[in-house]
> 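This is the structure I want to talk about, given as structure tokens.
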Amino acid sequence: MLFFHPFKIMKQKLETLLQHAITCLKSEAILDQEIAPQIIIERTKDSRHGDFATNLALSLAKPVKTNPRQLAEKIISLLPSDPAIAKVEIAGPGFINFFISPDSQFQIIEQIHTAGRNYGSSKIGAGEKVQVEFVSANPTGPLHVGHGRGAAYGSAVADLLQAVGFDVSKEYYVNDAGRQMDILAVSIWLRYLEECGEVVTFPCNGYRGEYIRDIAFNIHNNTGNEYRHPAELVIEDIPADEPHGGDKELHIDALIVRAKTLLGDSLYRDLFQAGLNVILDDIKDDLEEFGVTYQEWFSERSLMEDHSIKDALQRLDDGGYLYKKEGATWFASSRLGDEKDRVVVRDNGQSTYFASDIAYHMNKLDRGFDQIINIWGADHHGYIPRVRAAMLALGADESKLKVLLVQFAILYRGTEKVPMSTRSGEFVTLRQLRSEVGTDAARFFYVMRKSEQHMDFDLKLATSKTNENPVFYVQYAHARVCSVLRQLDEKGLNRNLNLGMKNLNKLNESHELALITILSKYPEVLEKAALQYEPHLLINYLRELATSFHTYYNAHQFLVENEALRNARLNLICATKQVLSNGLSLLNINTPESM
RNA sequence: GCGCUUGUAGCUCAGCUGGAUAGAGCAUCGGCCUUCUAAGCCGAGGGUCACAGGUUCGACUCCUGUCAAGCGCACCA
């Protein structure tokens, strides 16, 4: 039995015992036969309350019409005895507290040793295909620190799900079609023309980042004047830009049209593609260096090229969900919970971004995923009802769709808010952040907070080398165990695994028992963090584990004279090292052997 | 105006889906290195859980209302 979880077995055992007591209560006519109480067994917060507790007496007090403490006493008297349970107590208003026998607790150390890197993993998600789509930033520039949070969170969620047995596929939706990409192409073209020596005024709505100049520079270097046209022709009869009393949208749209006519379809496409490739490659490298990898990079444009959009719209039409109004085609999403209907084909014949998204979700459904998880920036929350409506209209079970929102991190430099806008080119990139604080710290920091929580990210603090960052605290615990093992070696001592396992019962210091209890919680923490999509629970756990270890370290010497005790302690701290390593690795954070 | 999210220590955040005395980290103050790394440990102070009602044995947690902050309400993506 590879995935053996003592805690689960313990809970099941307690449940069986309590069930027995309930049956007795019924046969003694204390409890009505009809009532089937839910037995809830939870971990205690405080070790003085034992290891597990149930509120059964509290919830049954009313139907039984007696006070909870009296009932608890009765229940306890009806419990069969069990060697794994050392003590049962009544506490507070009527809780029943269970104290697990130490022998039973010690088993966990052997479990961890046997399971190794698999300790904590499970199969609860077995047989279920899950897709996690995240980041999916427009390939119009480098990723910034806002995307970083989505990347860290999304990959953590996916990896957690994988660890508990789901068949997970990570995917990036590439918005390689649409107006924003045209604006990118034009921005590159204009910078290119500047490289050629033409004098053009850059549109206020264009992408102004330095990376655009780099791309233009390279294109000019590689292809010479192939894309060159005189500036006069480029701006001839173009409506004025905003600073000159015009409309910036009209201005840039006219420039797009001009670029297409002057360059022709083929050259325009080449330019467009060159920009896309450079930026997308950069994003891929960036994410990979951040420890984020994907199974699939899904192209929006492919949905147009293989007629998926047409097919999807056809399906909506077949269901009677499409209608024409004012030259456009509308999806009657308001009939399916959206606040109003949405355009899917504009009056100029172009399909909207939403139409692509409908096709994309149809494609996801067709690929047979049981769960479709979309991780979006919180600013897109208004978009959820229309996608749900699309799922329904496509005849899908909309509960398959889960949208998890990530609040943007608000950047500060000290007390000063850092303004961010991709267009203005004024942003801190993920790459900058990583090089300043390190990948480990960045990942840890991002995932440390609940995803829907607004997050203040103080660059000054994160970039300062003062190491207030909790990631070091956890890594340090791991490094300390390694250090102890090195010391063992230096002292010419050997580790005797079996001797240690035989003497686990010598671990009776309160610090040791506390540490063992925490180690035993890891599988349930992992399971919960995965099923609730809350990786911060894992971080919290690792911090708690590290604290417990550091406390123990300071209170007791591990490398003691007594060989039996020494090896028992070594087994305990090696189990700790294993769990720290499992947790950190899952989050793609390094586990240094020395610091 | 409508909708979504948030409001917990001076600051940044947890709080196991309704349980026991609301917890960490940072900051402040006081202790601990001839002993396995002091990036550590121990202790102290600090709270009307935004506010007001309600539901029940029991509410930070659920319901209603109010206030405050962020975001969204396109034939943009």
Side-chain angles (χ1 to χ4, degrees), chain A residues 40 42-46 48-49 53 55 58-59 61-62 67-68 91-95 97 136-138 140 175 177-181 183 249 300 325-330 339-340 342-354 356-357 377-385 405 407-408 410 448-450 452-458 461 466-477 479-488 490-491 521 524-525 528-529 532 534 536-537 539-541 543-544 546-547 549-560 566 569-570 573 594-595:
Chain A
I40 297 168
E42 46 190 15
R43 289 275 190 177
T44 54
K45 275 186 222 168
D46 190 328
R48 284 173 302 183
H49 298 139
N55 62 351
L58 290 164
S59 61
K62 202 174 187 184
N67 85 61
F95 289 102
N97 293 336
S136 300
N138 283 347
T140 53
N175 296 124
R179 182 162 171 268
Q180 294 307 318
M181 289 305 297
I183 294 176
E249 306 293 347
E300 179 189 357
K325 193 179 88 183
E326 293 159 7
T329 306
W330 296 70
E339 59 183 14
K340 56 180 168 184
R342 309 290 173 177
V343 171
V344 286
V345 182
R346 294 198 286 260
D347 56 7
N348 65 7
Q350 289 241 308
S351 60
T352 59
Y353 173 83
F354 180 45
S356 299
D357 237 4
D379 53 337
H380 285 72
H381 64 78
Y383 202 74
I384 299 171
L405 299 176
Q407 287 288 349
F408 266 38
I410 301 161
M448 196 165 63
R449 304 276 141 84
K450 231 155 89 178
E452 65 265 36
Q453 184 70 247
H454 299 92
M455 173 178 151
D456 288 353
F457 204 131
D458 185 347
L461 193 119
T466 53
N467 298 337
E468 282 152 352
N469 210 309
V471 66
F472 294 112
Y473 182 81
V474 178
Q475 288 179 321
Y476 185 43
R480 265 187 158 172
V481 178
C482 296
S483 172
V484 172
L485 294 175
R486 280 194 299 271
Q487 281 292 321
L488 180 76
E490 279 168 30
K491 288 185 177 176
K521 286 182 186 174
E524 50 193 302
V525 169
K528 192 176 173 196
Q532 296 187 178
E534 294 188 332
H536 76 279
L537 295 177
I539 296 263
N540 288 348
Y541 170 82
R543 295 174 75 172
E544 194 189 338
T547 299
F549 172 77
H550 286 310
T551 302
Y552 178 36
Y553 180 96
N554 275 277
H556 298 285
Q557 193 78 14
F558 305 149
L559 301 178
V560 290
R566 182 174 71 231
R569 287 186 170 169
L570 284 170
I573 65 169
S594 67
M595 291 174 73

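Naming convention: chains lettered A, B, ... in sequence-line order (proteins, then strands); numbering from 1 in each chain. Predicted model only: the values in this text are computed from it and were never measured.
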> Can you tell me which nucleotide in rU5(B), rA20(B), rC76(B) comes closest to the side chain of Q180(A)?
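Closest nucleotide to the Q180(A) side chain: rC76(B).
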> Just checking S59(A): base, sugar-phosphate only, or nothing, at a heavy-atom cut-off of under 4.0 Å?
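The residue S59(A) makes no contact with any strand.
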> Do the ring planes of Y553(A) and F549(A) sit parallel (below 30°), tilted (30 to 60°) or perpendicular (above 60°)?
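Judged by the thresholds at 30° and 60°, the geometry between Y553(A) and F549(A) is tilted.
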> Taking O4'-C1'-N9-C4 for purines and O4'-C1'-N1-C2 for pyrimidines, is rU12(B) syn (within 90° of 0) or anti?
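rU12(B): anti.
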> Q407(A) near the nucleic acid: base, sugar-phosphate alone, or nothing, with a heavy-atom cut-off under 4.0 Å?
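The answer is sugar-phosphate, as Q407(A) gets under 4.0 Å only of primed atoms, P, OP1 or OP2.
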> Would you say H454(A) stacks on rG7(B), if stacking means ring centres under 5.5 Å apart and planes within less than 30 degrees?
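Per 5.5 Å and 30° rule: no stacking.
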> For the pair made of CD in Q453(A) and C1' in rC71(B), what is the distance, rounded to whole Å?
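Going from CD in Q453(A) over to C1' in rC71(B) covers 14 Å.
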> CE/M181(A) to OG1/T140(A) distance, rounded to the nearest 0.5 angstrom?
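One finds 7.0 Å between CE of M181(A) and OG1 of T140(A).
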> Rounding to an integer number of angstrom, what distance separates rC49(B) and rA22(B) when you compare their P atoms?
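10 Å, rounded to whole Å.
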> Could you please name the option among rC13(B), rG19(B), rA77(B) that lies closest to any side-chain atom of M455(A)?
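Nearest nucleotide to the side chain: rC13(B).
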> Compare the minimum distances between each of rG19(B), rA77(B), rC36(B) and the side chain of Y553(A), then state the nucleotide with the smallest one.
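Of the options given, the side chain of Y553(A) lies nearest rC36(B).
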> Expressed in angstrom and rounded to an integer, what is the separation of Y552(A) atom OH from rG40(B) atom C1'?
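Taking OH of Y552(A) and C1' of rG40(B), I get 16 Å after rounding.
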> Are the ring of H49(A) and the base ring of rA20(B) both nearer than 5.5 Å at their centres and tilted by less than 30°?
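Stacked: ring centres under 5.5 Å, planes under 30°.
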> Is K450(A) close enough to rG15(B) that one of its side-chain N or O atoms is under 4.0 Å from OP1 or OP2 there?
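Yes, within the criterion.
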> Rounded to the nearest 0.5 Å, what separates atom CG in L559(A) from atom CZ in R569(A)?
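Nearest 0.5 Å value for the CG-CZ distance: 10.0 Å.
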> Just how far, in rounded Å, is C1' of rC75(B) from CG of D357(A)?
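Nearest whole value for this atom pair: 16 Å.
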> Take atom C1' in rC75(B) and the same atom in rC16(B), then report the distance between them in whole Å.
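The answer is 48 Å between these two C1' atoms.
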> Need one value for A479(A): base, sugar-phosphate or nothing, where a base atom within 4.0 Å counts as base even if backbone is also close, heavy atoms only.
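Contact class for A479(A): base.
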> Rounded off to whole Å, could you give me the NZ-to-C1' distance for the K340(A) and rG72(B) pair?
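Value for this atom pair: 11 Å.
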> With side-chain hydrogen bond (donor to acceptor under 3.5 Å, both in side chains) as the test, would you mind laying out the steps for Q453(A) and R449(A) before giving the verdict?
CA-CA 7 Å; Q453(A) 184 70 247; R449(A) 304 276 141 84; over 6 Å; no
> When the ring planes of Y383(A) and F354(A) are compared, do they come out parallel, tilted or perpendicular, using 30° and 60° as the limits?
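Ring orientation, 0 to 90° scale: perpendicular.
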> With a 4.0 Å limit, can you tell me whether S483(A) has a side-chain N or O closer than that to the phosphate oxygens OP1/OP2 of rC36(B)?
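Checking S483(A) against rC36(B): no side-chain N or O falls below 4.0 Å of OP1 or OP2.
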> Classify the nucleic acid contact of T551(A) as base, sugar-phosphate or nothing, counting any heavy atom under 4.0 Å across all strands shown.
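Result for T551(A) = sugar-phosphate.
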> What is the base-pairing partner of rG40(B), counting Watson-Crick and G-U wobble geometry with both distances under 3.5 Å?
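Because both required distances fall under 3.5 Å, rG40(B) counts as paired with rC32(B).
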> Have a look at M181(A) and say if it touches a base, only the backbone sugar-phosphate, or nothing, with a 4.0 Å heavy-atom cut-off.
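Touches nothing.
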> Under a 90° cut-off about 0 for the syn range, is rC33(B) syn or anti?
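Here the answer is syn: the torsion falls within 90° of 0.
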> Choose from rC13(B), rG15(B), rC75(B) the nucleotide whose nearest atom is closest to any side-chain atom of R449(A).
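Nearest nucleotide to the side chain: rC13(B).
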> For rC62(B), which nucleotide in any strand shown is its Watson-Crick or wobble partner with both distances under 3.5 Å?
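Partner of rC62(B): rG54(B).
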> Going by ring centres under 5.5 Å and near-parallel planes (under 30°), is Y476(A) stacked on rG40(B)?
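So no, this residue does not stack on that base, at least one cut-off failing.
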> Just to be sure I understand the rule, does H380(A) reach a base, reach only the sugar-phosphate, or reach nothing, if contact means heavy atoms closer than 4.0 Å?
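Base contact.
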> Below the 4.0 Å mark, does rA77(B) have OP1 or OP2 next to a side-chain nitrogen or oxygen of R342(A)?
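Looking at the OP1 and OP2 atoms of rA77(B), neither is under 4.0 Å from any side-chain N or O of R342(A).
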> Heavy atoms under 4.0 Å, any strand shown: does K528(A) hit a base, just sugar-phosphate, or nothing?
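Touches sugar-phosphate only.
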> Write down the distance between NE2 (H550(A)) and C1' (rA38(B)), rounded to a whole number of angstrom.
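Going from H550(A) (NE2) to rA38(B) (C1'), I get 11 Å.
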> For F354(A), which contact category applies under a 4.0 Å heavy-atom criterion: base, sugar-phosphate, or nothing?
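No contact.
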> Closest approach to the side chain of A328(A), judged atom by atom: which nucleotide of rA77(B), rA39(B), rC75(B) is it?
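Nearest listed nucleotide: rC75(B).
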> How far, in whole Å, is rG65(B) from rG1(B) if one measures between their P atoms?
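About 15 Å, rounded to a whole number of Å.
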> Return the nucleotide paired to rC73(B): Watson-Crick means purine N1 to pyrimidine N3 with N6-O4 or O6-N4, wobble means G-U with N1-O2 and O6-N3, both under 3.5 Å.
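The answer is rG1(B), by the H-bond criterion.
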> Does this structure show an ion pair linking R43(A) with E524(A), if we count only N-O contacts that are shorter than 4.0 Å?
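So R43(A) pairs with E524(A) through a salt bridge.
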> Give the nucleotide from the list rC75(B), rA20(B), rC41(B) with an atom nearest to the side chain of T44(A).
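Selected nucleotide (nearest to the side chain): rA20(B).
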> In this structure, is the centre-to-centre distance between the rings of F408(A) and H454(A) below 6.0 Å?
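No, the ring centres sit 6.0 Å or more apart.
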> Tell me: CZ of R48(A) to C1' of rA20(B), nearest whole Å?
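Roughly 10 Å, once rounded to whole Å.
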> Inspect the contact between E249(A) and R179(A) and indicate whether a charged nitrogen and a carboxylate oxygen are less than 4.0 angstrom apart.
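A salt bridge links R179(A) with E249(A).
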> Is the phosphate of rC41(B), meaning OP1 or OP2, less than 4.0 Å from a side-chain N or O of Y473(A)?
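Yes, within the criterion.
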> For rA77(B) versus rC73(B), give the span between their C1' atoms, rounded off to a whole number of Å.
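After rounding to an integer number of Å, I get 16 Å for this pair.
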> When we call it a touch if two heavy atoms are under 4.0 Å apart, what does D347(A) touch: a base, just sugar-phosphate, or nothing?
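It contacts base atoms.
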> For E339(A), which contact category applies under a 4.0 Å heavy-atom criterion: base, sugar-phosphate, or nothing?
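It contacts sugar-phosphate atoms only.
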> So N55(A), base contact, sugar-phosphate only, or nothing? Heavy-atom distance under 4.0 Å.
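The answer is base, as N55(A) lies within the cut-off (heavy atoms under 4.0 Å) of a base atom.
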> Classify the nucleic acid contact of H381(A) as base, sugar-phosphate or nothing, counting any heavy atom under 4.0 Å across all strands shown.
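Answer is base: heavy atoms of H381(A) come under 4.0 Å of a base.
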> Between rG25(B), rC16(B), rG19(B), which nucleotide gets closest to the side-chain atoms of R543(A)?
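Comparing rG25(B), rC16(B), rG19(B) against the side chain of R543(A), the answer is rG25(B).
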> Please determine if a side-chain N or O atom of Q487(A) lies less than 4.0 Å away from the OP1 or OP2 oxygen of rU37(B).
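Answer yes for this pair, as a side-chain N or O of Q487(A) is under 4.0 Å from OP1 or OP2.
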> Could you give the distance separating rG47(B) and rA24(B) at their C1' atoms, to the nearest angstrom?
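These two C1' atoms come out 15 Å apart once rounded.
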> Picking from rA77(B), rA20(B), rC75(B), which would you name as closest to the side chain of V343(A)?
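Of rA77(B), rA20(B), rC75(B), rC75(B) is nearest to the side chain of V343(A).
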> Pick the C1' atom in rC11(B) and in rC36(B), then give their distance to the nearest Å.
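Going atom to atom, C1' in each nucleotide, I get 36 Å.
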> So M455(A) and Q407(A), side chain to side chain contact (heavy atoms under 4.5 Å, CB included) or not? Walk me through it.
CA-CA 7 Å; M455(A) 173 178 151; Q407(A) 287 288 349; over 6 Å; no
> Given rC41(B), rC16(B), rA39(B), which nucleotide is nearest the side-chain atoms of M595(A)?
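Nucleotide nearest to M595(A)'s side chain: rA39(B).
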> How is Q557(A) classified with respect to the nucleic acid when contacts are heavy atoms under 4.0 Å: base, sugar-phosphate, or nothing?
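Base, at least one base atom sits under 4.0 Å.
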> Which part of the nucleic acid does A53(A) contact within heavy-atom distance under 4.0 Å: base, sugar-phosphate only, or nothing?
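Counting heavy atoms under 4.0 Å across all strands, the contact made by A53(A) includes a base.
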> Going by heavy atoms in the side chains, are E339(A) and P385(A) under 4.5 Å from each other?
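Side-chain contact under 4.5 Å: no.
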> Provide, to the nearest angstrom, the distance between the CZ atom belonging to F95(A) and the C1' atom belonging to rC57(B).
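F95(A) atom CZ is separated from rC57(B) atom C1' by 11 Å.
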> Whole-Å distance between rC16(B) P and H536(A) NE2?
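Taking atom P of rC16(B) as the reference, NE2 of H536(A) is at 9 Å.
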